[in-house]
Protein chains: 2
Amino acid sequence: MAFANIYAGMKFDKAKIVKLKLFETDHLEFAGLLLEPGQSQAAHTHDASDKVLFVIEGVATVSVGGESMELGPGACALAKAGEPHDLANRGRDRVVMLVVSAPPKGKA
Amino acid sequence: MAFANIYAGMKFDKAKIVKLKLFETDHLEFAGLLLEPGQSQAAHTHDASDKVLFVIEGVATVSVGGESMELGPGACALAKAGEPHDLANRGRDRVVMLVVSAPPKGKA
């Protein structure tokens with residue numbers, strides 16, 4: 001399918017971060033991430049995939065390689081293959097963000 | 001650099017579509033596209049790169065493989081390698097969007 005919308009079927013979950021897959025090809029995965037306040041993803045590394053995080057709504061705290069930033073709408077972070085990164089919603093509002101992995105983790 | 005912001009240094013140009021490169025790695029290029037009303041990009045194809053377009057502000061008219069859609073904020077389109085696609089701002093407002101190419105065109 002050539003078209004999608006992050007707001008179609010968007011549903012937060014108080015139990016866990018929601019990942020909405022929008023597109024996947026041999027070269028990239030393009031998805032939404034929905035974080036309730038307090039939700040986080042522990043530090044991890046992808047051996048072969050580069051990852052970009054881009055904030056659409058809310059404020060996400062993102063660390064890459066030990067450097068931490070609060071990212072509001074329009075801000076983005078790059079974790080290259082092998083770089084440890086983590087993610088948290090420490091704000092009061094829900095976070096809507098994009099995550100791009102290239103190549104997709106299953107195809108790296 | 002691990003962090004960037006599409007609104008830092010964002011500047012429209014009435015003469016042409018502006019591309020703001022945010023990140024480039026071996027696997028992906030992540031950039032902003034800024035379109036004044038009336039600006040467009042003619043149909044073209046990338047032989048080896050998949051491209052995702054994601055609208056942040058405004059309404060973009062995007063065609064992929066002959067199918068055309070008006071994309072508002074949160075909507076996105078995928079043009080896989082080899083699929084002809086074009087892009088226009090037929091609205092009254094400026095368009096701010098993201099474009100992801102994987103692999104980057106110069107490295108495909």
Side-chain angles (χ1 to χ4, degrees), chain A residues 1-10 20-32 46 48-57 60 62-85 96-104 107-108, chain B residues 1-10 20 22-32 46 48-57 60-85 96-104 107-108:
Chain A
M1 198 178 63
F3 300 99
N5 193 309
I6 196 173
Y7 296 115
M10 185 168 90
L20 289 170
K21 284 203 189 186
L22 297 167
F23 297 125
E24 184 167 345
T25 73
D26 288 344
H27 300 300
L28 66 86
E29 182 193 273
F30 189 86
H46 305 291
S49 291
D50 296 330
K51 184 193 279 188
V52 173
L53 295 163
F54 181 93
V55 176
I56 298 171
E57 297 178 19
V62 175
S63 299
V64 178
E67 189 184 359
S68 187
M69 288 276 278
E70 310 235 306
L71 306 182
C76 47
L78 167 67
K80 286 191 202 175
E83 285 189 310
H85 53 282
V96 179
M97 60 198 307
L98 296 172
V99 55
V100 184
S101 297
K107 294 175 181 170
Chain B
M1 197 179 63
F3 300 99
N5 193 309
I6 195 172
Y7 296 115
M10 186 169 90
L20 290 170
L22 297 167
F23 297 126
E24 184 167 346
T25 73
D26 288 342
H27 300 300
L28 66 87
E29 181 194 272
F30 189 86
H46 305 291
S49 290
D50 296 330
K51 184 193 280 188
V52 173
L53 295 164
F54 181 93
V55 176
I56 298 171
E57 297 178 18
T61 305
V62 175
S63 300
V64 179
E67 189 184 358
S68 186
M69 287 278 277
E70 310 235 306
L71 306 182
C76 47
L78 167 66
K80 287 191 201 174
E83 285 188 311
H85 53 283
V96 178
M97 61 198 307
L98 297 172
V99 55
V100 184
S101 297
K107 293 175 182 169

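Each chain gets a letter, A, B and so on, in the order its sequence line appears, and its residues count up from 1. Predicted model, so just to flag it, every value in this text is computed and none were measured. No hydrogens, no waters, no symmetry mates; every other heavy atom, side chains included, goes into these values.
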First locate atom CD of B/Glu57, then atom OH of B/Tyr7, and finally report the distance between them rounded to the nearest 0.5 Å.
4.0 Å
With respect to chain B, which residue among A/Leu98, A/Val62, A/Ile56, A/Val96 yields the maximal number of heavy-atom pairs within a distance under 4.5 Å?
A/Leu98
Winner by heavy-atom pair count (cut-off under 4.5 Å) against chain A, out of B/Asp26, B/Leu53, B/Leu28
B/Leu28
Is there a donor-acceptor pair under 3.5 Å between the side chain of B/Thr61 and the backbone N or O of B/Glu70?
no
Tightest non-hydrogen contact, residues A/Cys76 and B/Leu22, listed as SG-CD1, 4.2 Å
Note: vs chain B, highest number of non-hydrogen pairs under 4.5 angstrom among A/Val100, A/Val64, A/Val55, A/Val52 is A/Val52
Measuring from atom NZ of A/Lys80 to atom OG1 of B/Thr25, what distance do you get when rounded to the nearest 0.5 angstrom?
7.0 Å
